Amino acid sequence: MPGSLTTDIAGGRGAPPSTPGFGDGDSGGRGASRRASFTGLLVLLAASIMMFAAFTSAFFVRRGLSDDWVSTPMPRVLWLNTSVLLVSSAVIEMARRVLRSGHRVAFNRLWTAGTILGALFLCGQYLAWRELNAQGFYLATNPSSSFFFLLTCVHAIHLLGGITALGYVDVQALRLRLGPGKRTAVDVSAAFWHFLDAVWIFLMLLFVFWG
Amino acid sequence: MALAAVIWVLTIAICYVFFGHYWWFPPPISQHGQDYDAQFNATLWVTGIIFFLAQFALGWVIFTYRDRGRPARYTHGNNMLEALWTTATALLFIGLMLTGSRIWAAVHFDGPPPDSMRIEVLSKQFAWSFRYAGPDGKFGRTDIKLINDQGGNPFGIDDKDPAGKDDITSASIKVPAGKPILLILKSRDVIHNFFVRELRLKQDLVPGMEIPFPFTADQTGTYEVACSELCGLGHHQMRTTLEVMTEADFNKWKLEQAAQK
Amino acid sequence: MSSSIVHAAHQAPTGFIRRYIFSLDHKVIGIQYYFLALFSVFLGMGLSVLMRYHMVYPDAKVSWFEKLWPTGAAGGIMTPELYLSLMTMHGTIMVFFVLTTAPQSGFGNYFLPIQIGAEDMAFPVLNMLSFWTTFLALCVMVAAFFVPGGAPLAGWTVYPPLSAVGPLAGPGEGLGQSLWIISIAIFSGASLMGAINFIATTIDLRAKGMTMMRLPLTCWAWLVTAILGLLGFAVLLAAGILLLLDRMAETSFFIPAGLVVSDQILNHKGGSPLLWQHLFWFFGHPEVYIAILPGMGVASQLLSTFARKPVFGYRAMVYAILSIGFLGFFVWGHHMFMSGMSPYSAMAFATLTMAIGVPSAIKTFNWIGTLWGGRIRFTSAMMFAMGFVSLFVTGGISGIFLGQPALDLYFHDTYFVVGHFHMIMGVAAIFGMFAGTFYWFPKVTGRLMNETLGKIHFYLTFIGVYCIFTPMHWLGIAGNPRRYADFTNFDFMGKLMPVHTFMTWAAIITASAQLIFLFNLFWSMKKGAVATDNPWDATTLEWGIPSPPPFDNFAGHHPVVNHGPYEYGVPGGAKDYLMQSDPP
């Protein structure tokens with residue numbers, strides 16, 4: 001039966017009606033659906049990693065053979081953004097922990113805070129783009145700035161997806177609809193959020209050392 | 001059952017045409033061409049035998065094991081056989097690859113002999129140009145702003161550079177027989193490909209790159225050069241010729257060209 | 001989640017739209033994909049017949065060409081640029097919307113959940129989205145025909161700079177090319193969604209007792225194909241974005257400095273055309289296996305069923321699929337031997353390419369081993385499966401030539417290559433689809449397809465494709481380059497025209513023979529003989545449920561699997577086979 005990867009949360013098909021099997025003999029209620037959600041998430045992450053890997057290899061190839069590479073200055077707000085995103089991730093993780101010990105109100109507060117921090121990061125990214133534009137760096141200025149805008153944009157699009165997932169959980173939580181079945185949604189969206197964090201740190205390293 | 005017959009007939013027909021050489025390579029005009037043909041023939045024999053045996057076996061099992069009321073054999077396989085044919089194919093394939101690598105190495109790794117004659121090849125949609133250094137042996141400076149196809153300057157050779165004064169450009173390529181040639185392949189717009197059947201050689205011309213490409217042609221004659229990488233709507237018209245001449249004819253041609261400048 | 005919703009999700013929706021258009025049912029989605037591919041394959045085939053006609057009769061005036069393409073075929077004579085755009089669209093539609101769509105998304109969607117004993121895919125909404133995204137991609141692709149300048153002409157591999165510098169490089173390189181890239185990006189997204197579903201479903205929703213080593217080989221093939229699609233399409237999506245930026249945002253990822261196109265100096269700097277080729281073929285080579293692996297799975301399943309014998313070397317088959325999937329990611333460079341890539345890396349790619357030939361050979365041996373000692377029933381489905389093996393051998397063996405960089409020095413971009421990949425990823429894969437259609441049709445519709453029509457169609461197609469594609473190898477040996485709109489400009493090609501003429505007429509006849517299949521398909525839906533639940537005496541789970549299957553596949557019952565997938569010819573019982581769900 002259906003698991004609950006982000007879109008399927010929204011689609012709202014139910015948890016399995018009875019024990020579906022798990023091929024290797026293990027079976028247990030919601031188990032298969034929950035497992036499928038995590039498998040789905042891992043698979044999604046694999047695709048995402050491949051995409052960033054493709055961009056990164058293009059980055060290094062393009063950097064290696066060009067004489068037109070001019071380093072893009074790092075807007076200072078990026079460092080602020082990085083810390084906002086890291087804090088956001090930590091807060092989401094704390095929320096997940098307190099939920100496990102049953103503190104729903106604390107969970108709601110923390111989760112909402114984490115989601116808002118995520119949105120703040122996006123605003124900060126917008127500021128960073130504006131700052132670069134003001135200094136005369138646009139998408140097509142030179143390969144370094146091309147990759148900067150491209151990678152931050154692709155990351156931001158991923159992040160929009162992540163915020164949608166966090167927001168969905170948040171709305172459900174605030175409406176007190178966070179039954180045990182939705183715990184999967186909490187865990188999956190939190191894991192995706194941490195992944196975006198890791199991608200961002202990777203991108204920062206890329207920009208700082210090779211950008 | 002008819003299927004077995006169809007498979008056999010097709011197999012025999014295909015083998016017949018392949019080994020009858022009805023549509024075949026033109027004769028090679030270089031040592032590389034002869035080596036190439038030897039490697040091709042070795043591969044053709046190996047694959048031809050595999051092809052024939054596999055198709056024949058397929059037809060044979062279809063014919064023999066059609067449903068005639070006797071029960072099927074209940075077996076899940078045979079690991080010995082699996083190991084055997086895995087090893088056999090692996091050895092065969094890698095072996096072919098190794099014998100072929102010698103030819104690849106001769107083209108790409110060995111490096112051109114130092115006395116090679118350098119010729120620049122420039123491709124554009126949809127024409128070829130070739131440039132020979134004059135008696136000074138040096139190519140003149142070029143600038144894309146000076147490109148003038150109508151004025152006979154597809155390379156954009158800079159007149160102010162003395163090294164370029166004696167450069168000869170030509171719309172077809174002429175080479176002396178037996179002399180090692182080193183082509184410098186360049187493209188002006190999109191990717192093209194330099195292909196001469198008789199040389200058994202082919203190489204892309206990639207804009208932004210200068211690709212060295214050596215060959216030696218031994219047999220005099222005129223051979224067609226066909227663009228072999230899709231380059232736009234005139235791709236099928238992008239033709240020139242390779243003329244392999246005697247050393248004397250070649251020198252005469254060069255002198256004539258120089259005089260016309 | 002309240003129990004009433006759980007219950008509601010378990011019933012077939014009643015409204016027409018929820019049931020047939022925006023359905024969440026994997027079976028309906030599978031059929032939607034199948035029909036999308038069926039439309040595409042006839043479109044793609046139609047384009048190829050026009051191309052073949054033009055190559056042989058380049059000056060022919062055909063009045064309706066002008067009606068279809070007022071500029072591309074002004075006066076009824078097809079221009080070279082129209083030929084190239086037909087070729088580009090033929091390749092693209094066939095590769096993406098037929099070979100990627102039908103065997104995996106079509107058959108896989110319908111039968112993967114049933115064969116593993118699940119009630120649906122893991123993420124039904126995602127599944128529906130994936131289909132409609134694919135549909136959108138097809139619409140955008142077909143729209144490229146109708147924009148100013150027409151469809152792109154850069155081939156399905158869209159090598160920059162030709163594909164990147166805009167209309168300067170030729171008609172069709174304007175909006176048409178942009179739509180092409182956008183369509184492929186959308187398609188990549190759809191494929192990623194599909195892959196997520198296939199992988200999660202196979203790993204987590206298998207019925208009790210359905211261990212990985214009891215999976216039917218079809219499921220193994222779909223799983224590995226999904227993994228290939230996942231990793232490949234992610235990279236293609238990235239590459240497509242870069243190319244689109246080069247075209248629309250003046251970046252220079254793939255466009256080098258100093259280009260002079262149509263006498264205009266371009267303002268780009270320092271990009272690398274080879275970078276595109278690396279990214280594209282990193283996707284493109286696994287794509288070949290995306291097309292053929294499901295066909296291999298279907299062939300294995302059918303050969304075993306109709307020879308009444310277990311698959312010879314089931315484990316070896318699984319390992320072969322896995323190693324093909326794994327090695328498939330390390331051989332992309334063999335498409336680039338002549339590209340100016342380092343000749344040393346060519347040697348590495350060549351060695352790996354030869355290595356990937358080994359598991360393919362193992363599969364062939366095992367198929368013949370499966371037939372050996374069997375009791376073959378000659379149904380149309382089986383004919384196509386055996387035809388698949390023959391075509392797979394023929395198509396695979398020419399790869400031994402092309403995989404050697406030394407021999408590729410001559411064969412690169414000749415008709416030898418065209419013959420090779422049409423044989424193996426084109427018609428062999430399509431024979432897998434025909435076989436699957438005849439085999440599963442009774443399960444989907446409850447009726448059998450007509451066997452007489454099926455066999456006539458089989459023989460015409462089987463002989464037809466050999467007549468079309470084998471001569472391509474001879475043309476290749478004679479040095480005929482591919483992607484030529486006509487062959488009038490070169491002396492040596494004149495001698496080859498009889499071969500071209502023969503191929504063109506073979507193509508016209510073979511294409512017409514496909515109408516028999518189309519007729520059979522639709523006629524049998526209404527008038528075919530009524531099928532039992534298990535007309536082929538087959539063992540896998542789909543044959544243990546009614547035809548057509550109920551909404552949740554197993555009607556609330558959860559199958560338990562006790563046997564391997566191919567227990568045929570089992571001695572000592574009343575019937576000669578054990579179904580997977582039979583008691584131990």
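Labels below follow one simple rule: chain letters A, B, ... track the order of the sequence lines, proteins then strands, and each chain is numbered from 1. Note that this is a predicted model, so its numbers are computed, not measured.
Although no hydrogens or angles enter the test, the distance criterion places no donor-acceptor pair under 3.5 Å between the side chain of B:Q237 and the main chain of C:N489. With hydrogens and angles disregarded, a donor-acceptor distance shorter than 3.5 Å links the side chain of B:R197 to the backbone of C:A478. No donor-acceptor pair closer than 3.5 Å links the side chain of C:Y410 to the backbone N or O of B:L199. Side chain of B:Q55 to main chain of C:S390: a donor-acceptor pair is present (N/O by atom type, distance under 3.5 Å, no hydrogens or angles).
Taking each heavy atom of B:Y36 and C:L407 in turn, the nearest pair found is OH-O, 2.7 Å. In this structure, B:W104 and C:A346 approach most closely via the heavy-atom pair CZ2-CB, 3.6 Å. Nearest heavy-atom pair across C:I376 and B:I62 is CD1-CA, 3.9 Å. A pairwise comparison of heavy atoms in B:C227 and C:Y484 identifies O-OH, 2.6 Å as the closest pair. Nearest heavy-atom pair across C:A316 and B:E82 is CB-OE1, 3.4 Å. Residue C:L84 comes nearest to B:L233 through the heavy atom pair CD1-CA, 3.6 Å, listed as atom of the first residue, atom of the second, then distance.
For the atom pair CZ (C:F462) and CD1 (B:I7), the distance works out to 4.5 Å, reported to the nearest 0.5 Å. Once rounded to the nearest 0.5 Å, the distance linking CG of C:L259 with NZ of B:K124 reads 14.0 Å. Separating the NE2 atom in C:H473 from the CD1 atom in B:I14 is a distance of 8.5 Å, to the nearest 0.5 Å. Atom CG in B:N148 sits 9.0 Å away from atom CG in C:D263 (nearest 0.5 Å). Put simply, CD1 on B:I211 and OG on C:S339 are 7.5 Å apart, with the number rounded to the nearest 0.5 Å. Of the inter-residue distances, the one linking B:I144 atom CD1 with C:I265 atom CD1 reads 4.5 Å to the nearest 0.5 angstrom.
In this structure C:W372 satisfies the side chain to side chain donor-acceptor pair (under 3.5 Å) test together with B:Y65, sequence neighbours excluded. With sequence neighbours left out, C:Y83 forms a ring-ring contact (aromatic ring centres under 6.0 Å, His included) with C:H54.
Using cut-offs of 30° and 60° on the angle between ring planes, the pair B:F40 and C:F401 is tilted. Using the six-membered ring where Trp is involved, C:F411 and B:F25 have ring planes that are tilted, between 30° and 60° apart.
When heavy atoms are compared at a cutoff of 4.5 Å, B:Y22 does not approach chain C at all. The contact between B:L230 and chain C is made by backbone and side chain atoms together, counting heavy-atom distances below 4.5 Å. If you measure heavy-atom distances from C:K455 to chain B, you find no contacts under 4.5 Å at all.
For residues 47-67 of chain B, the salt bridge (Lys or Arg N to Asp or Glu O under 4.0 Å) pairs, not counting sequence neighbours, are B:D67-C:R375.
In this structure, B:S101 and C:M347 have side chains that are in contact, with non-hydrogen atoms separated by less than 4.5 Å. The closest side-chain heavy-atom distance from B:F195 to C:D413 is not below 4.5 Å. Counting only heavy atoms from C-beta outward, the side chains of B:W23 and C:N480 never approach each other to under 4.5 Å. C:V358 has its side chain within reach of B:F93: a pair of non-hydrogen atoms, C-beta onward, lies under 4.5 Å apart. Proximity of C:V261 to B:V190: side-chain heavy atoms (C-beta onward) are nowhere separated by under 4.5 Å. Counting heavy atoms from C-beta on, the side chains of B:E229 and C:L162 never come closer than 4.5 Å.
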Open item on the list: If you apply the rule ring pair (Phe, Tyr, Trp, His ring centres under 6.0 Å), what do you find for C:F487 with B:H236, and how did you get there?
Closed with: CA-CA 7 Å; C:F487 308 106; B:H236 65 293; 8.8 Å; no

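Within residues 200-208 of chain B, the residues that have a heavy atom under 4.5 Å from a heavy atom of chain C are B:R200, B:L201, B:K202, B:Q203, B:D204, B:V206, B:P207, B:G208, listed by number.
The only option from C:V393, C:T364, C:L371 that meets the side-chain contact (heavy atoms from CB on, under 4.5 Å) definition with B:L58 turns out to be C:L371.
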